[in-house]
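The structure under discussion appears below in the form of C-alpha cells.
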Number of protein chains: 2
Amino acid sequence: MEVKINSDQQQKIARYAKALGHPVRVYVLQLLGKQSCCYSGDLSDELPIAKSTLSQHLKELKDAGLIQGEIEAPRIKYCVNKENWAEAQELFKNFLKID
Amino acid sequence: MEVKINSDQQQKIARYAKALGHPVRVYVLQLLGKQSCCYSGDLSDELPIAKSTLSQHLKELKDAGLIQGEIEAPRIKYCVNKENWAEAQELFKNFLKID
DNA sequence: CAAATCGTTCGTATTTCAGCGAACAATAAA
DNA sequence: TTTATTGTTCGCTGAAATACGAACGATTTG
C-alpha cells in the first residue's frame, strides 16, 4: 500500500509526538499511567520548574488530547484521556511496527 | 515501581518524539518502512517543500539516530537505523503500554 | 575543462517553545 | 469580609524550529 504525503495519520502521529517532545510531559504521563490521576499542585511541588511552566506543559497535553482535568475546587485532578490514549497506542503501534 | 523525574528513559522518549513531531519526518520514516531505503533527490521531487528544508528534516532524523545515509555519489541513500529503531519501538511500547 | 547534478550550509524571517515572575480569577477557609 | 490556596494567563527573554533562496562543495557527465 502506497504511503501518502501529509496524510491524516501522519499529522496525528506528529501531533501526539510533539506533545511527548519534552521529558516533563513524558513524566506526567508515566505518573498518570502508574497512579491513574494526580493534582497539579502535587506535581508543582515535585518538579523543579515554575508552576506557570507546569501549567503550560499540562495545557499542551490537554490540547493534544492526551489528558483531561476535572475541577475539584480549588484543585484540578488530571487523568489520562482513555479514548485518545488508545488512539495514540494504535497509531504508534502501527507506525513503529510493534509486534 | 516509582516514576523518576527526568529519567534517561524520559529524555530518550522525548528525543525520539521530537524527531517525529513533524508530518514530513513521519512520512519519510513510513516510506523507509515500506521500501527499505530512498534517495534524498527522489523525496525532494515528491514533497512540496524546498530541498534545503528536506535536508534539514533528514538531518533532524539523523541527529535523533533514526536514519542513516550512505553515500552513493553524487546521491545519498537513506535507510532506517535498525538498532535505534528497535530501541524506539521498545521505549514507546513500554511507555504507551502497547500489549 | 566546463557544465550538470546532488545535497548541504548559510543567512534570513517568522513562528513556536520553554523558562520565569507578576498579576489575575475562582474557590475555600478563617 | 478578609485571607489563603490553587491554577491560569500575560508579557518578557532567549532558544529552537520551520520555511525559504542563494551560494557552496563534491562528484558525475559531456
Is there a donor-acceptor pair under 3.5 Å between the side chain of [X] and the backbone N or O of [Y]?
{"X": "A:Arg25", "Y": "A:Ala19", "result": "yes"}
{"X": "B:Glu70", "Y": "B:Lys77", "result": "no"}
{"X": "B:Asn81", "Y": "B:Leu66", "result": "no"}

- prompt: Any side-chain N or O of A:Lys18 less than 4.0 Å from the OP1 or OP2 oxygen of D:dA17?
  reply: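 No, no such contact exists.
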
inquiry  = As a test of reading the structure: which of D:dG21, D:dT9, D:dT18 is closest to the side chain of A:Lys59, going by heavy atoms?
reply    =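 Selected nucleotide (nearest to the side chain): D:dT9.
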
- Message: Of the options D:dG7, D:dT18, D:dC20, whose atoms approach the side-chain atoms of A:Lys51 most closely?
- Response: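 The closest nucleotide is D:dG7.
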
| A:Leu58 side chain reached by A:Leu43 side chain, heavy atoms, under 4.5 Å |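 When only atoms from C-beta onward are counted, A:Leu58 and A:Leu43 do touch, with a gap below 4.5 Å.
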
| message | Under 4.0 Å, heavy atom to any atom of DNA chain C: which of residues 66-81 of chain B qualify? | response |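 Hits under 4.0 Å, by residue number: B:Pro74, B:Arg75, B:Ile76, B:Tyr78.
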
Practice task
Identify the 5'-most and 3'-most nucleotides of DNA chain C with at least one atom closer than 4.0 Å to a non-hydrogen atom of chain B.
Solution key: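 Listed 5' to 3', the contact boundaries are C:dC6 to C:dT9.
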
- Taking DNA chain D as the partner, which of residues 26-49 of chain A come within under 4.0 angstrom of it by heavy atom?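 The answer is A:Ser40, A:Gly41.
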
**Study point:** Check ion pair A:Arg15-A:Glu60 (N to O, under 4.0 angstrom)
**Key:**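 Yes, charged N to carboxylate O under 4.0 Å.
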
Q.
Within the 4.0 Å heavy-atom criterion, would you say B:Gln56 contacts the bases, only the backbone, or no part of the nucleic acid?
A.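 Base contact.
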
Starting at atom CG of B:Leu54, determine the distance to atom P of D:dT18, rounded to an integer number of angstrom.
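Whole-Å distance recorded here is 13 Å.
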
Angle between ring planes, B:His22 versus B:His57, binned at 30° and 60°: parallel, tilted or perpendicular?
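The rings of B:His22 and B:His57 sit tilted, inter-plane angle from 30° to 60°.
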
Please walk me through it: do B:Tyr16 and B:Gln89 pass side chain to side chain donor-acceptor pair (under 3.5 Å)?
CA-CA 10 Å; B:Tyr16 284 131; B:Gln89 279 179 320; over 6 Å; no

